[in-house]
Amino acid sequence: MDGKMLARLGAVVFVAVAITATAIEMSRKEEAPEAWPSGRNIQVQADPLRDALIRCQALGESGPRDPACLRAWAENRNRFLAPGARPAERLPDMPAAPRDALTPPAERSNPPALTPGTPIAPPQLDQAR
């Protein structure tokens with residue numbers, strides 16, 4: 001077999017595999033994804049404020065003239081913007097400082113490397129510049 005014939009055979013096999021895979025995928029039925037159990041029961045409580053806000057949203061332009069919508073919007077604002085509406089978040093407690101950091105330097109057993117009377121020489125600049 002020469003190279004052209006081998007390339008044509010490879011192309012035909014590739015097209016046949018692609019058509020077969022497409023036919024198999026199209027013949028599958030859609031299955032609903034399984035819900036993952038979270039381990040807790042979700043109990044949806046009826047929220048009359050939410051229902052009123054949805055109703056007001058559906059009213060469109062007549063919503064701002066409806067007294068029930070005005071009350072629902074005021075209650076919704078108070079729910080989030082009133083002082084004390086949200087409890088203040090508590091910051092995490094700071095870890096205790098190490099005991100060595102609290103002791104004064106005079107009581108430490110290691111003396112300092114330099115004594116206060118020792119002058120420190122300034123760094124030498126490169127003279128070649």
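For clarity, every value in this text was computed on a predicted model and none was experimentally measured.
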Tell me every residue that passes salt bridge (Lys or Arg N to Asp or Glu O under 4.0 Å) with Arg55, counting only those two or more places apart in sequence or in another chain. Asp66
Can you tell me how far apart CG (Asn76) and CG (Leu81) are? Round to the nearest 0.5 Å. 8.5 Å
In the hydrophobic clustering (ILVMFWY, side-chain contacts below 4.5 Å, transitive), which residues join Trp73, or is it alone? Leu49, Leu53, Leu70
Can you pull the salt bridge (charged side-chain N to carboxylate O under 4.0 Å, His left out) pairs that have at least one residue in residues 10-27, sequence neighbours excluded? Glu25-Arg28
Ala16 to Thr20 - nearest heavy-atom pair and separation: O-OG1, 2.8 Å
Of all heavy-atom pairs between Ile24 and Ser27, which one has the smallest distance, and what is that distance? O-OG, 2.9 Å
For Ser62, all residues meeting side chain to side chain contact (heavy atoms under 4.5 Å, CB included), sequence neighbours excluded: Leu59, Arg65
Quiz: residues 1-14 side-chain donor-acceptor pairs under 3.5 angstrom, not counting sequence neighbours:
none

Does Ile54 sit in a hydrophobic cluster with other residues, and if so which ones, taking ILVMFWY side chains as linked at heavy-atom separations under 4.5 Å, directly or through other members? none
Give me each pair satisfying disulfide bond (SG atoms under 2.5 Å apart) with a member in residues 46-76, each pair once, sequence neighbours excluded. Cys56-Cys69
